[in-house]
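Structure record follows, encoded as C-alpha cells.
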Amino acid sequence: MRKKIVAGNWKMNLGKQEADQLFDGISQQLSKESKADVMVFPPAIYLDRLVQKNDPTITIGIQNFYPKEKGAYTGEISVAQVRNIGATHVLIGHSERRAYFQESNVLLKEKVDAALEHDLTVVFCCGEPLMIREMNQEMTFVRMQLEESLFHLESAQLQKCIIAYEPVWAIGTGKTASVEQAEEMHAAIRSWILEKYDANTANAISILYGGSCNAANAQELFACPNVDGGLIGGAALEVESFIQIIQSF
Ligand code: PEP
C-alpha cells in the first residue's frame, strides 16, 4: 500500500528563527491522526537544529548534496554527512537544480545511487518545461528523465524512492496543472514502472504532484487515483496553508 505524503520544500527561504517557528508551528498543529506522512526540506544550514527537535511526526530531508563520500569539494555536503546528522531523505532532480546548476540526468543518477547506498530515501523530481508541453512531448520527456536517472535501479531500490511530478511551468507560477493533466502523467509514470518492473513495484511507489499546489486546490489533486500527495513550495512556508494541505486527505 503506497503512502500518502505531503512534503514542504523551503528552498532558500527563512531566517533561523523563522525556520524554527515554521517547524514548531507545523509540529504543534499536526494532528496525531494525520492521514499523510509529513516531510520538510529546509535549507541545509538548519537541518541539524531541526533534527535535534526530535519530532517523530515530521521527516527531515536535505534539498541537495554532493554524491561523494568526502574530500576536497569545497562548499559541498556529502551524503555521509547528511546521514550522520540524522536526516533521512534527499530531494534529487528538482527543476531549479536542473536549470540553475546544470544538473544532468547522468549526475542525478549518480546522486540517486549515492543516496541509496547511504540508506537515504530519495524524492526524485521530474517534469517538463512549458516548451516541451506546448510541443506535446511531455510524456517522452518525463519518461527519459526517469529512464536515465532512476529506472536502472532494482525493484527493491526503486521502492525506496518517491517520485514527484512537477511540471516546470507550474512551479512558483500560480499556474497549477489541471486534475486531468496531473492524473494523466501520474498514471503514465505508474504504467512505465509496471512495464519495466511489476505490479507490486508500481503499486508501492508514491507519486507526488508539485507545482503551485495550495490549500485551495490540494483536495481535488489528491483525490486523483494516482496522485499520492504533494511536494509543496510557496504554500509550505506558512503553517496554516501547509497544515490545510495536509488535511486535504
Ligand atoms: C517546488 O518547488 O517543488 C514547488 C512545487 O514550488 P511551488 O509549490 O511554489 O510551485
Side-chain angles (χ1 to χ4, degrees), residues 4-14 18-19 22 26 36-44 46-47 58-65 87 89-103 108 111-112 115 121-130 132-133 138 141-142 145-146 149-150 161-179 181-183 185-186 189 206-222 224 226-249:
K4 305 283 181 203
I5 297 165
V6 176
N9 175 11
W10 296 0
K11 309 194 185 188
M12 199 176 69
N13 293 302
L14 308 174
E18 293 165 323
L22 178 55
I26 298 166
D37 288 4
V38 175
M39 289 172 196
V40 294
F41 292 86
Y46 308 134
L47 270 185
I58 307 176
T59 296
I60 301 175
I62 195 164
Q63 296 172 21
N64 182 42
F65 63 93
H89 286 51
V90 291
L91 266 191
I92 298 180
H94 192 281
S95 66
E96 286 151 16
R97 301 243 23 118
R98 292 175 187 264
Y100 304 145
F101 304 98
Q102 289 78 45
E103 294 199 359
L108 299 178
K111 287 186 160 195
V112 166
T121 300
V122 170
V123 178
F124 185 85
C125 306
C126 57
E128 79 288 354
L130 182 61
I132 297 289
R133 180 153 287 260
E138 66 273 12
F141 187 90
V142 171
Q145 290 180 322
L146 296 172
S149 305
L150 208 59
C161 300
I162 295 158
I163 296 174
Y165 169 59
E166 300 202 296
V168 180
W169 45 271
I171 296 180
T173 58
K175 198 173 170 207
T176 319
S178 69
V179 167
Q181 286 170 323
E183 174 57 21
M185 182 61 80
H186 283 233
I189 293 171
S206 299
I207 308 177
L208 314 184
Y209 169 78
S212 300
C213 182
N214 57 40
N217 58 31
Q219 198 164 19
E220 59 170 0
L221 285 160
F222 296 174
C224 295
N226 284 289
V227 176
D228 303 308
L231 178 55
I232 320 295
L237 294 175
E238 279 177 13
V239 176
E240 204 178 317
S241 54
F242 192 57
I243 291 287
Q244 278 176 23
I245 294 171
I246 296 164
Q247 290 169 343
S248 301
F249 278 111

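We count ligands from 1, going down the list as the structure has it; atoms in each ligand are counted the same way. Numbers for residues simply follow the sequence, beginning at 1.
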N/O donor to acceptor pairs below 3.5 angstrom from side-chain atoms of residues 239-249, sequence neighbours left out:
{"unit_1": "Ser241", "atom_1": "OG", "unit_2": "Ala235", "atom_2": "O", "d": "2.8"}
{"unit_1": "Ser241", "atom_1": "OG", "unit_2": "Glu238", "atom_2": "O", "d": "3.3"}
{"unit_1": "Ser248", "atom_1": "OG", "unit_2": "Gln244", "atom_2": "O", "d": "3.0"}
{"unit_1": "Ser248", "atom_1": "OG", "unit_2": "Ile245", "atom_2": "O", "d": "3.0"}

- prompt: Can you find a pair of side-chain heavy atoms, one from Glu103 and one from Asn64, that are under 4.5 Å apart?
  reply: yes
field: Distance, nearest 0.5 Å, that separates CG of Asp228 from OH of Tyr209
entry: 15.0 Å
field: Minimal non-hydrogen separation, Arg97 against Gln63, with atom names
entry: CD-O, 4.3 Å
Beyond-backbone contact of Arg98 with Gln145, side-chain heavy atoms, under 4.5 angstrom: yes
query: Tell me, which residues have any heavy atom less than 4.0 Å from some atom of ligand 1?
result: Asn9, Lys11, His94, Glu166, Ala170, Ile171, Gly172, Gly210, Gly211, Ser212, Leu231, Ile232, Gly233, Gly234
Pairwise distance CZ(Phe65) to CG(Leu91) - rounded to 0.5 angstrom: 10.0 Å
